[in-house]
Structures are given as structure tokens and as C-alpha cells.
Amino acid sequence: MSDVWISDVRIMGREGHFDIGVQGGHIAEIVTAGTRTYSGQVIEGRGLLAMPPFVEPHIHLDSVLTAGQPRWNESGTLFEGIQRWSERKPYLTKEDVLARVDEALQWMMAQGTLHIRTHVDVTDPTLTALQALLELREKVRGVIDIQIVAFPQEGIYSYQNGRGLELLEEALRLGADVVGAIPHYEYTREYGVRSIDACFDLAEKYDRLVDVHCDEIDDEQSRFVEVVATRALERGMGQRVTASHTTAMGSYNDAYAYKLFGLLRKADIHFIANPLINTTLQGRFDSYPKRRGFTRVKELWQAGINVCLGHDDIMDPWYSFGTGSMLQVAHMAMHVGQMTGRQEAMACVDMVTDRSAKTLQIEDRYGIEVGKPASLLLVDADDKWDLLRRMPPAEIVMSHGMVVAQTEPVKRRVYWTSRDGAVGEGGYGVDFRVHTGSPVSASEPGA
Ligand code: FE2
């Protein structure tokens, strides 16, 4: 018995049209469309595509919407970004963080993101941003699912003579879900390796996941990903461990990369690339040829290793753009990673949905299946390819059976002189679909 029905939808990855019954915030039934009579609330699906919500696996919510405060990052570099952030940091208050994050979450929800892993800088003795986000995580629970990474932005051992470790552990005691590290930023390689060990020790002690900012630099000598993978393998923690950014992998020589991939397959860890930011912050010291600063997303995917995609930043000192659209993230990755083959492009959609959910270890409550939370999107798209190409809005965003965001579909008309000489409205409307068909049949090559 369902109290809400979503009628006549297609479901991503399945053939046919369905009605979805929702009860108590969960999916109670999925039946062939039109085969049941039902009462109660009905949401007309109109043949739209139902898909699970987007999953943002890597963002820094504590710094969102601070671009231009107090000054814009005019050079666009990582280093000017750090300078601008250090000028903004003294003005952080709990109210400031909560107000900015609240606004950014609305942008993200409007576009269908309902699961978020956020990093929070804990190299701050007051832990102001962490306290704010812990409070917010509880406030939005049941609508948006937030995981908090205790992230030592200025290093574990390099921050105030090792005080980063103390603050990192305090953040876990206060309730952070994931332990972070930033080995390539530590003063020495030795500090970097030790920081990874400390991170894994804390994860085991407090039973938390691991997500390391790893090798976010164009230096081909930065090889902390091999340390992260080895620790994960030796401690049997692979599925609980993520390496974020790994942009140096885009600069490794192929002989080393070949050896590394053997280890990565065995270690079974997750990867997150952030195409909008990686491509703008990296390569800044190159003249030409200029590197893309992007990790080997296509090769990781081809090797059967779980890889997904995130924003990193929305309108902050490191990236002054963005609206929180995960389709924009996937679209950029498809271009920069040269994943324009049909299967490759569709995999980019998986990298902001199913694959991100796997990284966050939330698969038990993610997906359009009976028994799982009724959290889904309705979009006007034919399939994953069409979704990525036209990037239509999420017309309905449902979380736990509640409609939490709606977008009216855009209607476009063109007025012009058409081929038959008539002046008037274009015949097809303009939705960027191809309506004219093709005289060439796939079964008759060359016809
Ligand atoms: Fe990051």
C-alpha cells in the first residue's frame, strides 16, 4: 500500500515505463505503468526519466561563496587562492559559514544533489567551520545526506610544529565522518608518509573512512598515491579509502604508471577527480606544451577501478565560478578526459551518481529499488548520453518521499522563415533534440 505514486516514468538503466509507489519515505513498489489503480497523491511523471540523485563526493563547503572577499583571485593560481583565503579566514564565524552553506545547498538541491561529502579545514584552533558544519549536518539529515571530512589544509605535521594531528583527532572526537590528510603539502616526503600513517591509525581507532588529498600538484615526483594504496592493501581497508585529486598521475611516465596500476587494482581504493578546478589550478607553471593537470580518469575506469567526479569548489578563492551542477562537472570531465566515446560519456554520468555513491559507501541507501529511500530525480532526458549532452534540469527532486525542489521546463520557440517559405513558428520547438531523422540506416552501411 503506497501513499504517493509517481506515475509513468522511465527508470535509468531499465527498459519500459513504470509507476513507483512510495510509502513512509521509501520505495514500496515498482510496477509496469498503468497496471494498477491507485489513490492518494499522484505525481505525474509524463514519461520523464527517473534517476537516482546526484552525489557530490568532494567539495569544500566551508569556503563556498567567498569569491571576491576581500579581493578576487586575479591570477587564478592555487597560491593566490591560498593568500585570498588567509585574508578571509579571520572573518569566519559560525553564522557566516551556516549562511553561505545554506545558500549553496539550495543551489545544489535545486539541481538534484542530495548526497555530499565535504572537506572542512581543521587547521584552525577554534574549529569554527567544523562546529558549524556538524550542526548543519544534523539539521538537514533526512533531506540531504552530508559526510564531513576532517581536512588538515595546512598539513598534519607541518602545521604549527605538528599541532595538525591534535586538531585532526579532536575533529574526529567531535564527530567528523572521514579522516583526511594532505601529504604532498607537508614540508618533507617523510612528513608526508608519516601523515598518511597517522591518518590510517586514526581511521582505525575511530572506525572512520579515509579520504586523502593526494598528489594535487604537477610534480611527477609526488608519489603518495602508492603509499595510500599500500597502506589500504596491507590493512585490508581498500573500500574505505579514497585518493582525491591525484593530478600528478597525469604527469607520471607510463612505465611507472603501469606498475602503479597493478597496485591500485589490488588495493581496491576509490578515486575522485575534480575537473573544473584541476584543469584551472594545475599547469600554471608550464609554458607549452601545457599539461591538463587531470588524473588518468579514463585509464582508471578502463582498469575497473572506481573513479568519480566532484566540484572541489563553488565560488571561492580557488574557483570563482560554478552553480553546483554535477552535470557541468561530468561534462567537463568528458571533454578534458577525452571520454567522448558513447560508453565513455555515459560512464561520466555514472561518475556523479552510482560511482560517487560507492566512494561514499552509501550504496545500501542509494538507487531506485524497492526498500530504498524514495530519493530520485525526474528529468526530461532520453538516456545518460542525452542527459550529458543537453544537461536538462531536474524537474522534480524528491528526497525520502518529499518533493524538495522543482524546476519548470524551459520552452523555446524560434520565429523565422522556414524552408517552405512560410514565416512563423519553427515546427519542432527547440529542445536541442534531433527531430528530422536520418536517411542513412545503420543496417545498411554506405546507403
Ligand atoms: Fe579538495
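Being a predicted model, the structure only gives us computed values, none of them experimental. We count residues from 1, following the sequence as given. Indexing begins at 1, ligand by ligand and atom by atom, following the structure's order.
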query = Is the His184 to His213 ring centre distance short of 6.0 Å?
reply = no

task = Fit a plane to each ring of Tyr252 and Tyr256, take the angle between them on a 0 to 90° scale, and name the class: parallel (under 30°), tilted (30 to 60°) or perpendicular (over 60°).
result =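 Ring orientation, 0 to 90° scale: perpendicular.
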
query = Closer than 2.8 Å to the Fe ion (ligand 1), do we get an N, O or S atom from His119, backbone or side chain?
reply = no

query = Do other residues, nucleotides or ligands put more than 12 heavy atoms under 6.0 Å from Lys259 NZ?
reply = no

request  = For the residue pair Thr77 and Leu281, establish whether any side-chain heavy-atom pair is separated by less than 4.5 Å.
outcome  =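 No, their side chains stay 4.5 Å or more apart.
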
ask   = How wide is the angle at the Fe ion (ligand 1) between NE2 of His60 and NE2 of His245, to the nearest 10°?
value =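 Reported to 10°, the angle equals 170°.
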
inquiry  = How wide is the angle at the Fe ion (ligand 1) spanned by His58 NE2 and Asp312 OD1, rounded to 10 degrees?
reply    = 80°

